[in-house]
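Chain identifiers are assigned alphabetically (A, B, ...) following the order of the sequence lines, protein sequences preceding nucleic acid strands; residue numbering begins at 1 within each chain. Small disclaimer: the values here were computed from a predicted structure and weren't measured. As a basis for the values below, the full set of heavy atoms in this structure was taken, side chains included, without hydrogen atoms, waters or symmetry mates.
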Amino acid sequence: MQMTDKNIQNQQDIPQDSVSSDIKSLKAFFAKLSSKTRQVVEKAIRFAVRELSFLKDFLARKSLKKLIQAFSVLIVLLILSLAGLGLFRNFQKAIKDDKALKSSGQVDEKTPTPISYVSDNPSVYANDPFVLRIEEDLNILTAELTRATLREGELLPPKLDFGVSF
Amino acid sequence: MAKSYLPIFAFLSLFSLLLIHKPLYAQKVNDESFFRDVYNQYRQKVEEYNLRHEDYLLKRAQYLNFKTLTAQENALASTKAMLQARDDVVIWYFRVLKESLKTSKGVSGSTIERLTSILDQEEAWFLGHRELLTSAATLEDLVKDSREAEERFRKNDPIIYEVLISRANGRVLDFTTRTDKIFEDIKAKLDEIRKDTREKYSFSFKKLALLDRWMLESQNLILRSKEKQSQIDGIILDLTKAKTRSEAEYDIAISTLTQSQLYLRDATAFLEEVIREIKTSE
């Protein structure tokens with residue numbers, strides 16, 4: 001007991017230098033920080049638990065299923081509208097190209113497709129692949145010969161005013 | 001739930017891809033598409049020229065009426081703009097002709113190369129002329145520049161009409177080649193039938209005689225068509241020697257080629273009858 005009192009006395013007698021005071025203040029700071037951090041972490045955990053329970057309740061509800069369904073319908077509608085837009089653009093381009101071709105004289109007015117001849121008394125050559133190929137080539141050629149217009153009015157030289165005078 | 005939606009999504013994605021995709025055809029389709037683009041740009045240049053020309057006519061009239069310095073400056077600016085727009089039209093017209101040659105059927109590679117080379121030179125001249133216009137300071141300079149362009153453009157008449165005739169001739173030549181091929185195929189088939197002695201496979205003498213007559217008619221019509229086509233070379237020769245008016249020669253060439261086309265149409269009608277008879281039993 002006497003020894004302990006002496007030790008305490010000795011410790012009190014030790015002069016307090018700057019390093020020890022710094023260590024003391026650092027210890028106090030960390031102690032304070034750890035308690036604050038603990039508080040913040042605890043608060044965060046409490047918040048997370050509260051939010052998770054809310055999410056759990058929300059997921060359990062039927063409204064989410066409806067939301068997913070609505071979202072899916074929206075995606076489907078989006079894809080359909082994109083497809084429709086693409087189709088519309090292609091259609092517009094086709095009309096434009098067709099007009100340009102017609103105006104350049106490359107393609108003439110459309111004519112009805114001729115109905116291929118079907119005999120009521122067919123020969124053995126009626127289904128001959130060679131004969132059928134010739135017939136097909138001939139039908140295409142005849143259609144082109146009937147439609148083709150050789151005069152290309154739109155490719156004639158432009159009408160320009162060269163009579164510039166003052 | 002996800003599994004049930006997956007095929008629908010896959011189908012819709014594929015469907016939309018099919019609709020939105022750009023067609024990937026052969027080079028010919030790309031050439032034709034490019035030709036259409038060039039042609040549309042040429043039409044735009046023509047529209048721009050028409051606007052500039054109207055403005056030029058107005059400013060010219062104002063200058064001739066009032067003879068003021070402001071009117072003169074306005075006339076100078078509008079004339080310059082009109083002449084530049086006119087050169088643009090000519091430049092783009094030559095481009096259209098060059099692209100039209102690339103999309104032509106039946107025109108030989110050497111003809112395309114020769115005509116394209118000439119058109120390139122002419123396009124380069126008009127590009128240079130267009131640049132030169134910016135330095136014109138007086139109305140007299142512009143009148144002189146305009147006359148130069150006029151002379152150059154008029155000189156190109158034979159080349160322009162040669163391109164147009166070559167295109168039309170190429171189309172008829174393509175029709176003729178295809179008709180010849182079909183004619184030869186039918187002839188080969190008839191020879192095969194003639195040699196076949198099996199029952200049902202052979203035709204009677206009467207039927208074969210009828211088919212031969214139609215083949216002969218068709219052959220004669222093809223020959224007449226070719227005779228008409230042979231006249232086109234002479235017309236093109238006259239054009240290159242600039243013996244006659246190019247536009248009149250073009251009309252004659254188109255009329256001749258149309259007759260040739262009609263002969264081919266009649267020839268194919270006979271060939272159709274032959275095919276019909278081959279497919280019909282006696």
Quick check on the interface: out of Ile254(B), Val143(B), Leu257(B), Asp185(B), who has the most heavy-atom pairs with chain A under 4.5 Å?
Asp185(B)
Check whether Phe130(A) gets within reach of chain B through its side chain, its backbone, both or neither, counting any heavy atom under 4.5 Å.
side chain
For Arg178(B), which of Leu141(A), Leu145(A), Asp137(A) qualifies under side-chain contact (heavy atoms from CB on, under 4.5 Å)?
Leu141(A)
State plainly whether the residues Glu135(A) and Lys279(B) are in salt-bridge range, i.e. N to O under 4.0 Å.
yes
Measure distances from Asp196(B) to the heavy atoms of chain A and classify the residue's part below 4.5 Å as side chain, backbone, both or neither.
side chain
Would you say Glu51(A) has more than 12 foreign heavy atoms packed within less than 6.0 Å of its CD?
yes
Do you know which two heavy atoms are closest between Ser146(B) and Phe162(A), and how far apart they sit?
OG-O, 3.7 Å
Where is the tightest heavy-atom contact between Ser165(A) and Tyr56(B), given as atom of each residue plus distance?
N-OH, 3.9 Å
Most contact-rich option vs chain A, by heavy-atom pairs under 4.5 angstrom, among Val96(B), Leu262(B), Asn156(B), Thr179(B), is Thr179(B)
Give the member of Tyr161(B), Tyr93(B), Phe203(B) that has the highest number of heavy-atom pairs under 4.5 Å with chain A.
Tyr93(B)
Could you measure the distance from the CG atom of Leu150(A) to the CD atom of Gln259(B)? Nearest 0.5 Å is fine.
11.5 Å
Contact winner vs chain A - Thr79(B), Val90(B), Asn50(B), heavy-atom pairs under 4.5 Å
Thr79(B)
Output the distance between atom CD1 (Ile165(B)) and atom CD (Glu152(A)), rounded to the nearest 0.5 Å.
11.5 Å
Do the side chains of Asp251(B) and Arg151(A) get close enough for a salt bridge, i.e. N-O under 4.0 angstrom?
yes
Side chains of Arg265(B) and Thr142(A): donor-acceptor distance under 3.5 Å anywhere?
no
Atom of Pro157(A), atom of Phe153(B) and distance for their closest heavy-atom approach
CB-CZ, 4.4 Å
Heavy-atom count check: over 12 atoms from other residues, nucleotides or ligands less than 6.0 Å from Arg152(B) CZ?
yes
Show the numbers, then the answer: is there a salt bridge (Lys or Arg N to Asp or Glu O under 4.0 Å) between Arg171(B) and Glu144(A)?
CA-CA 10 Å; Arg171(B) 285 181 84 183; Glu144(A) 284 183 36; over 6 Å; no
Between Gln261(B) (side chain) and Ala148(A) (backbone), is there a donor-acceptor pair under 3.5 Å?
yes
Heavy-atom distances under 4.5 Å only: say whether Arg133(A) touches chain B with side chain, backbone, both or neither.
side chain
Is the backbone of Ser281(B) close enough, under 3.5 Å, to the side chain of Asn121(A) for a donor and an acceptor to pair up by distance?
yes
Just wondering, more than 12 heavy atoms not from Gln41(B) lying within 6.0 Å of its CD?
yes
Side chain, backbone, both or neither of Leu83(B) within contact of chain A (heavy atoms, under 4.5 Å)
side chain
Ser255(B) versus chain A, the contacting section by heavy-atom distance below 4.5 Å
neither
Heavy-atom pair with the smallest gap, counting every atom of Ser123(A) and Ile278(B):
OG-O, 2.5 Å
Decide if atom CZ of Phe166(A) counts as having more than 12 heavy atoms of other residues, nucleotides or ligands within a radius under 6.0 Å.
yes
What closest approach, in Å, do Asp161(A) and Tyr49(B) show between heavy atoms, and which atom pair accounts for it?
N-OH, 2.8 Å
Side chain, backbone, both or neither: which part of Asp128(A) has a non-hydrogen atom closer than 4.5 Å to chain B?
side chain
Below 4.5 Å from any heavy atom of chain A, which atoms of Ile186(B) appear? Answer side chain, backbone, both or neither.
both
Using a 4.5 angstrom heavy-atom cutoff, name the option from Glu150(B), His53(B), Glu140(B) with the most pairs to chain A.
Glu150(B)
Could you check which of Leu64(B), Asn169(B), Leu97(B), Ile193(B) has the highest count of heavy-atom pairs closer than 4.5 Å to chain A?
Ile193(B)
Check whether any side-chain heavy atom of Val164(A) lies under 4.5 Å from a side-chain heavy atom of Leu142(B), and answer yes or no.
no
Quick one: what part of Leu156(A) sits under 4.5 Å from any heavy atom of chain B, side chain, backbone, both or neither?
both
Can you check whether Leu155(A) reaches Ser100(B) side chain to side chain, under 4.5 Å on heavy atoms?
yes
Counting distance only, does the side-chain N/O of Tyr125(A) pair as donor-acceptor with the main-chain N or O of Lys189(B) below 3.5 Å?
no
Has Asp22(A) got more than 12 heavy atoms of other residues, nucleotides or ligands less than 6.0 Å from its CG?
yes
Tell me, side chain or backbone of Ile160(B) under 4.5 Å from chain A's heavy atoms, or both, or neither?
side chain
Inspect the surroundings of NZ in Lys67(B) and state if more than 12 heavy atoms from other residues, nucleotides or ligands are less than 6.0 Å away.
yes
Residues, nucleotides or ligands: over 12 heavy atoms within 6.0 Å of Arg60(B) CZ:
yes
